[in-house]
Q: 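Submitted below is the structure of interest, expressed as structure tokens.
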Protein chains: 2
Amino acid sequence: MKDSECAPLEKLLNQISGQWTMYILWTLDTNGVMRFGELRRKVDGISPKVLTQRLRMLEENGIIYRYYESTIPPQVSYELTERGKELSKPLYDLCELASRWYGDETKM
Amino acid sequence: MKDSECAPLEKLLNQISGQWTMYILWTLDTNGVMRFGELRRKVDGISPKVLTQRLRMLEENGIIYRYYESTIPPQVSYELTERGKELSKPLYDLCELASRWYGDETKM
DNA sequence: CGGTATCCGTGTTGATACTG
DNA sequence: CAGTATCAACACGGATACCG
């Protein structure tokens with residue numbers, strides 16, 4: 001494998017390595033379809049601005065879907081795409097490895 | 001898997017997701033033992049300060065070794081630890097996936 | 001409800017020059 | 001050779017207030 005070929009990986013890593021991103025992906029992976037407010041409560045402490053940023057980025061990169069219904073009040077739901085689900089497997093391996101190294105007691 | 005258990009993963013991701021970090025790991029994985037100057041030339045465009053930062057962080061987290069010889073001029077070499085090599089496997093999976101998604105034409 | 005706008009403090013990065 | 005020191009520029013996260 002040549003050096004240049006890890007550029008996509010770097011891009012992917014940059015996307016999922018933001019401070020809350022893992023929690024968001026995890027929460028969606030665990031709970032399936034979720035609404036903005038649910039996510040906001042589950043990913044405790046995140047500000048709406050940052051949550052929106054993360055969701056937009058994940059959406060733009062095809063990792064989550066965004067379902068918009070312009071009812072009153074509006075309803076917006078998020079869900080992992082196939083890519084998002086595909087991502088959870090290698091991420092699980094990394095997680096297993098990270099837990100072994102750093103232990104499960106690690107706090108962020 | 002519970003939410004809290006991805007904290008170590010987040011820590012690990014934060015460590016390897018810095019701008020140059022992947023290239024450094026890749027280069028070390030490919031070339032084996034390397035000296036500071038070699039790395040600096042190979043990871044083109046990186047400043048010595050940032051290269052040092054990355055190497056220190058990777059060293060502190062047990063991903064690379066640092067060999068120091070106080071000859072004149074001094075010789076410092078770096079190499080992946082067992083952890084570092086262990087890391088390359090799941091990372092390879094992610095890389096394969098990232099290349100498939102984003103293509104190999106991606107530039108950083 | 002599901003955001004956006006704004007401001008601000010902080011962390012990260014880069015360029016450059018210098019040192020043991 | 002292998003860094004460290006210094007400073008400036010910028011991106012980022014956090015809090016809050018407001019909007020359709």
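Chain letters run A, B, ... following the sequence lines, proteins first, then strands; residues in each count from 1.
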Q: Quantify the bending of the helix from dC1(C)-dG20(D) to dG20(C)-dC1(D) as the angle between its end axes, each fitted on five pairs, to 10°.
A: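 Comparing the axis at each end, I get an angle of 50°.
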
Q: Is there a path of hydrophobic side-chain contacts, each under 4.5 Å between heavy atoms of I, L, V, M, F, W or Y residues, that connects Leu94(B) with Met57(A)?
A: no

Q: Report the distance from atom CD1 of Ile72(A) to atom C1' of dG2(C), rounded to the nearest whole Å.
A: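 In whole Å, dG2(C) C1' lies 13 Å from Ile72(A) CD1.
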
Q: Can you list every salt bridge (charged side-chain N to carboxylate O under 4.0 Å, His left out) pair that touches residues 59-84 of chain A, not counting sequence neighbours?
A: Glu82(A)-Lys85(A)

Q: When the nearest nucleotide of DNA chain C is assigned to Pro73(A) and to Ile46(B) on a heavy-atom basis, which residue is associated with the more 5' position?
A: Pro73(A)

Q: Mind checking salt bridge (Lys or Arg N to Asp or Glu O under 4.0 Å) for Lys89(A) and listing every partner two or more places apart, or none if nothing turns up?
A: none

Q: Within the structure shown, what part of the strands sits under 4.0 Å from Arg35(A) by heavy-atom distance: base, sugar-phosphate, or nothing?
A: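 Arg35(A): backbone/sugar contact only, no base atoms under 4.0 Å.
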
Q: Which pair of heavy atoms, one from Ile64(A) and one from Leu55(A), lies closest together, and at what distance?
A: CD1-O, 3.4 Å

Q: Name all pairs fulfilling the salt bridge (charged side-chain N to carboxylate O under 4.0 Å, His left out) condition that reach into residues 16-40 of chain A, sequence neighbours left out, sorted by first residue then second.
A: none

Q: For residues 45-52 of chain B, tabulate all N or O donor-acceptor pairs below 3.5 Å that involve a side-chain atom, not counting sequence neighbours.
A:
unit_1, atom_1, unit_2, atom_2, d
Ser47(B), OG, Val50(B), N, 3.3
Thr52(B), OG1, Pro48(B), O, 2.8

Q: Tracing side-chain links under 4.5 Å among I, L, V, M, F, W and Y, which residues wind up in one group with Val33(B)?
A: none

Q: Let me know the distance between CD of Glu69(A) and C1' of dG3(C), rounded to the nearest Å.
A: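 Spelled out: CD on Glu69(A) to C1' on dG3(C) is 16 Å.
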
Q: Give me the residues of residues 48-68 of chain B where at least one heavy atom lies under 4.0 Å from an atom of DNA chain D, by number, or none.
A: Pro48(B), Lys49(B), Thr52(B), Arg56(B), Arg66(B)

Q: Test of understanding: with side-chain hydrogen bond (donor to acceptor under 3.5 Å, both in side chains), list the residues that count as partners of Asn14(A), not counting sequence neighbours.
A: none

Q: Applying side-chain hydrogen bond (donor to acceptor under 3.5 Å, both in side chains), can you list everything that pairs with Gln53(A), at least two apart in sequence or on another chain?
A: none

Q: Test of understanding: with side chain to side chain contact (heavy atoms under 4.5 Å, CB included), list the residues that count as partners of Glu96(A), not counting sequence neighbours.
A: Arg100(A)

Q: So where does chain A start and stop touching DNA chain D, 5' to 3', when the test is distance under 4.0 Å to a non-hydrogen atom?
A: dG13(D) to dG20(D)

Q: Rounding to a whole Å, what distance do you find between Gln19(B):CD and dG11(C):C1'?
A: 14 Å

Q: Who clusters with Tyr65(B)? Use side-chain heavy atoms, under 4.5 angstrom, across I, L, V, M, F, W and Y, and order the result by chain and number.
A: Tyr67(B)

